[in-house]
Amino acid sequence: MSRKPLFEFLSTLLVCVAISILIQSCGDDVVRPEDENGVEREPTGWFWQNPLPAGNSFLDICAIGANTAVAVGELGTIARTTDGGATWVCQNSGTTIDLHGVFFADGQTGWVVGGKLDALGSRGTILKTTNGGTTWTPQSNYPDVRFRDVFFANANTGWAVGHPRTILRTSNGGETWTWTSGVEYGPWCVWFVDTKLGWVVGTYGSILNTTDGGATWTLQSSGTTSNLRGVVFVDAENGWVVGERGEVLATFDGGATWTPQSSGTTTDLYGVSFVDRNAGWATGVGGTVLGTTSGGAIWTPQPSGTTKDLWGVGFVDAERGWVAGSEGTILGTTHGGETWGEQKRGTTEELWGIDIVGSKKGWVVGTGGTILGTTDGGATWLSRPAGTTDDLHDIYFADANTGWAVGAGGIIMVTTDGGRTWIPQISGTSIDLNALHFVDTRIGWAVGGTWYPPHTEGVVLKTTDGGETWVTQSDERTWMRCDVYFANADTGWAVGLGGRVITTTDGGTNWITRRTGTSWILQSVFLTDARTGWVVGQKGTIIRSVDGGETWTAQESGTETWLYSVTFGDTKAGCIVGDSGMILRTTSGGLTWIPQTSVTSNSFRDVVFTGANTGWIIGVKGTILKTVTGGESR
């Protein structure tokens, strides 16, 4: 039951070409990760089902071997492949701090670093694994440091750099870290060729060099004031640096002199990788990938096939490598970058509505006529031909075979074969339909309206013959309806603009307008019985009625975030989702709502639970999340 947000309709609606995508899972390891003994364990919290391996941005990637790589990113995201990228397995980092850097000394031993600046202030972390990422252990948490990169010369000796002006060194694998003093610039990236000789690059064109393992640092002349974001050396003499506005610098004398190279772009560059004196790659914003086979004398654009920002790049030899970037983008090549293949799987269309029947079958709808279906609880989502490119806003199934979808321009689609094929129905309106609800395969309602001021169009439709005919019910057409829910064939509520709730006890023949005590837009409604229900909406609004809508009580949400959807798995366990990854959970029938840790900051549009603990959330950028633990991490 999707909730169409106001701001999406205040701009011109985009009509996208419908796509047919086979969305495969990231392997059963994503749903049931293994412990160190290879035994499957139940997942906890919320985990990704689309796109895979994750929809968060990847900020760095480390190529470990011919088939093995690890990517890290926003909100503690870590993903690993051991088959060249055919599958990526999400790993549990144990943190929600953004991870900016990753380095592995071998196939099993690695470190990631990160940092975040938010309402809680600056936070930094260093994590280590000795089993390929099956488990990650915090080594250090620094409240005032935002780490950007990490490098190890061997299993014991390493460095971590970040803001403000921080360089740390360890000689015992990270058990303890010591600070380097005298750093005057903001370090961004670090590289060493052995335990003594290394470089750090950062703000204002700074290049720092050490010959004593980081005890002291010397500023080298870069000849630029551009912020420098990436550095790589293939030996003690030959190295390259990349940065903002397409800056590329090269040295062939250990940094005694740095020479500008022509990158052919003014795009900001963030990642750089070389495998020998000649073969190298650089990545940047807007899908930029540059390649060279001449040590940078000539840089050539490579066809990445994406416009997403690419933050990290890693190659294991002249042919095999990966790049990673925004919105979960991972690309791989086995041809030196002449061709790149997308290794992220799944749609990135905005998803508006979801419905699940039983524990396995489910459907999702979204922009551009997107319809996805699953028969295995979401481990795989298959695209279904909708027969339309119009945006679809909500979906509801009365049983495993019979369902309806509604959307822009009054469109209503019906299926009687579990979503494999869809047939249009005549709604009798051109007003956008935002939500629908059925009590059986024959009786149902659809509601909608115009988001554009002055909001003078609204509609409530009813069918008693499975949608063969739809009849307009409500005479009050002066305000838009966002959602509708019926407890039975007689009792239902609809909500929308201006804090309005209308209720009926005769199947919609008569609707009564209720005073709710708020004027905020009400986005979603859910009834646990004929008299008890919740409504959520704008400015963190949560209101509850236990007398059929005659009186209302405001409940504390603890947020002013726009809330888009509310659902209950039973009379006590409920969930509310909204903008910026907001998740609220109750196990007390709504007496208290507790925020949950989200795996993404993407905005959510709908939530559904099939019991107290099993649920799904969908939203922007193709987001589909699942939980089997009520969203709680254990």
Exercise. Closest approach of S598 and G581, non-hydrogen atoms and distance?
Worked result: CB-O, 3.1 Å
Exercise. With side chains defined as the heavy atoms from C-beta onward, is the minimum distance between S171 and N156 less than 4.5 Å?
Worked result: no
For this session: Take V145 and F147, measure what side-chain contact (heavy atoms from CB on, under 4.5 Å) needs, and give me the verdict at the end.
Result: CA-CA 6 Å; V145 178; F147 291 107; 3.6 Å; yes
Exercise. Between T166 and H163, is there a donor-acceptor pair closer than 3.5 Å when you use the side chain of the first and the backbone of the second?
Worked result: no
Exercise. With side chains defined as the heavy atoms from C-beta onward, is the minimum distance between T559 and M582 less than 4.5 Å?
Worked result: yes
For this session: For W179 and R169, run side-chain contact (heavy atoms from CB on, under 4.5 Å): C-alpha distance rounded to whole Å, both residues' side-chain angles, the deciding distance at 0.1 Å, then the answer.
Result: CA-CA 7 Å; W179 292 76; R169 182 180 187 272; over 6 Å; no
For this session: Please report the closest heavy-atom contact between L372 and S383, naming both atoms and the distance.
Result: CD2-CA, 3.8 Å
Exercise. Looking at V357 and W363, what are the two nearest heavy atoms and their distance?
Worked result: CG2-CZ3, 3.6 Å
Exercise. Side chains of N131 and Q108: does their closest heavy-atom pair fall under 4.5 Å?
Worked result: yes
For this session: Rounded to the nearest 0.5 Å, what's the gap from OG1 on T370 to CD on E349? Could you check?
Result: 4.0 Å
For this session: Measure across P187 and G162 and return the closest heavy-atom pair with its distance rounded to 0.1 Å.
Result: CD-O, 3.3 Å
Exercise. Is any side-chain heavy atom of W136 closer than 4.5 Å to a side-chain heavy atom of V112?
Worked result: yes
For this session: State whether the number of non-hydrogen atoms from other residues, nucleotides or ligands found under 6.0 Å of K361 atom NZ is greater than 12.
Result: no
Exercise. Of the non-hydrogen atoms in S304 and G287, which two are nearest, and what is the gap between them?
Worked result: OG-O, 2.7 Å
Problem set entry | Approximate separation, where rounding is to 0.5 Å, of D309 CG and F58 CZ | 15.0 Å
Exercise. Hey, does the side chain of W299 reach the backbone of G280 with a donor-acceptor pair shorter than 3.5 angstrom?
Worked result: no
Exercise. Can you check whether G84's main-chain N or O pairs, donor with acceptor, with Q343's side chain at less than 3.5 Å?
Worked result: yes
For this session: Using distance alone, with no hydrogens and no angle criterion, decide if S565 and D606 have a side-chain donor and acceptor under 3.5 Å apart.
Result: yes
For this session: Check whether the ring centres of W311 and Y270 lie less than 6.0 Å apart, and answer yes or no.
Result: yes
For this session: Return yes if some donor-acceptor pair links the side-chain N/O of K344 with the main-chain N/O of E327 below 3.5 Å, else return no.
Result: yes
Problem set entry | Heavy-atom side-chain contact between T157 and T170 under 4.5 Å | no
Exercise. Is there a donor-acceptor pair under 3.5 Å between the side chain of T333 and the backbone N or O of T339?
Worked result: yes
Exercise. At what distance, to the nearest 0.5 angstrom, does OG1 of T374 lie from CH2 of W616?
Worked result: 8.0 Å
Problem set entry | Distance-only side-chain donor-acceptor flag, E632 / Q596, under 3.5 Å | yes
For this session: Kindly determine whether I583 and I576 satisfy side-chain contact (heavy atoms from CB on, under 4.5 Å), including the steps that lead there.
Result: CA-CA 6 Å; I583 307 174; I576 296 171; over 6 Å; no
Exercise. Does the ring centre of W191 sit less than 6.0 Å away from the ring centre of F151?
Worked result: yes
Problem set entry | E350 and R605 ion-paired at < 4.0 Å | yes
Exercise. Given N67 and T82, is the side chain to side chain donor-acceptor pair (under 3.5 Å) satisfied, shown in steps?
Worked result: CA-CA 5 Å; N67 295 307; T82 56; over 6 Å; no
For this session: For the pair N227 (side chain) and E244 (backbone), establish whether a donor and an acceptor sit closer than 3.5 Å, ignoring hydrogens and angles.
Result: no
Exercise. Quick one: does S93's side chain have a donor or acceptor within less than 3.5 Å of a partner on G76's backbone?
Worked result: yes
Exercise. Donor-acceptor pair, T129 side chain versus T135 backbone, under 3.5 Å?
Worked result: yes
Exercise. Would you find a donor on one side and an acceptor on the other, under 3.5 Å apart, between the side chain of Q139 and the backbone of G174?
Worked result: yes
Exercise. At their closest point, which heavy atom of V242 faces which heavy atom of A282, and how far apart are they?
Worked result: CG1-CB, 4.2 Å
Problem set entry | Presence of salt bridge, R165 and E184, under 4.0 angstrom | no
For this session: Evaluate whether atom CD of E237 has more than 12 neighbouring non-hydrogen atoms of other residues, nucleotides or ligands under 6.0 angstrom away.
Result: yes
Exercise. Does W281 reach the side chain of L290, with side-chain heavy atoms less than 4.5 Å apart?
Worked result: no
For this session: Could you check L208 against L219 for side-chain contact (heavy atoms from CB on, under 4.5 Å), going step by step and ending with a plain yes or no?
Result: CA-CA 5 Å; L208 301 175; L219 184 65; 3.6 Å; yes
Problem set entry | Check: T109 side chain, A155 main-chain N or O, donor-acceptor pair, under 3.5 Å | no
Exercise. Side chains of R148 and V113: closer than 4.5 Å at any heavy-atom pair?
Worked result: no
For this session: Apply the test side chain to side chain donor-acceptor pair (under 3.5 Å) to residues N56 and T77: give CA-CA distance (whole Å), side-chain angles for both, the deciding distance (0.1 Å), then the verdict.
Result: CA-CA 7 Å; N56 295 331; T77 301; 3.0 Å; yes
Exercise. Between atom OG1 of T125 and atom CZ of R146, what is the distance when rounded to the nearest 0.5 Å?
Worked result: 14.5 Å
For this session: State, with a plain yes or no, whether a side-chain heavy atom of K626 is found less than 4.5 Å away from one of W48.
Result: no
For this session: With rounding to the nearest 0.5 Å, note down the distance linking CD1 in I594 to OG in S588.
Result: 7.5 Å
Exercise. Can you check whether F152 and F103 have ring centres sitting under 6.0 Å from each other?
Worked result: no
For this session: Identify which one of I78, T87, I330, V89 satisfies the side chain to side chain contact (heavy atoms under 4.5 Å, CB included) criterion when paired with P53.
Result: I330
Problem set entry | Reported OG1-to-CG distance for the pair T68 and D106, which is rounded to 0.5 angstrom | 11.5 Å
Exercise. Do T218 and N209 pass the side chain to side chain donor-acceptor pair (under 3.5 Å) test, and can you show the C-alpha distance, the side-chain angles, and the key distance before you say yes or no?
Worked result: CA-CA 5 Å; T218 301; N209 171 239; 5.7 Å; no
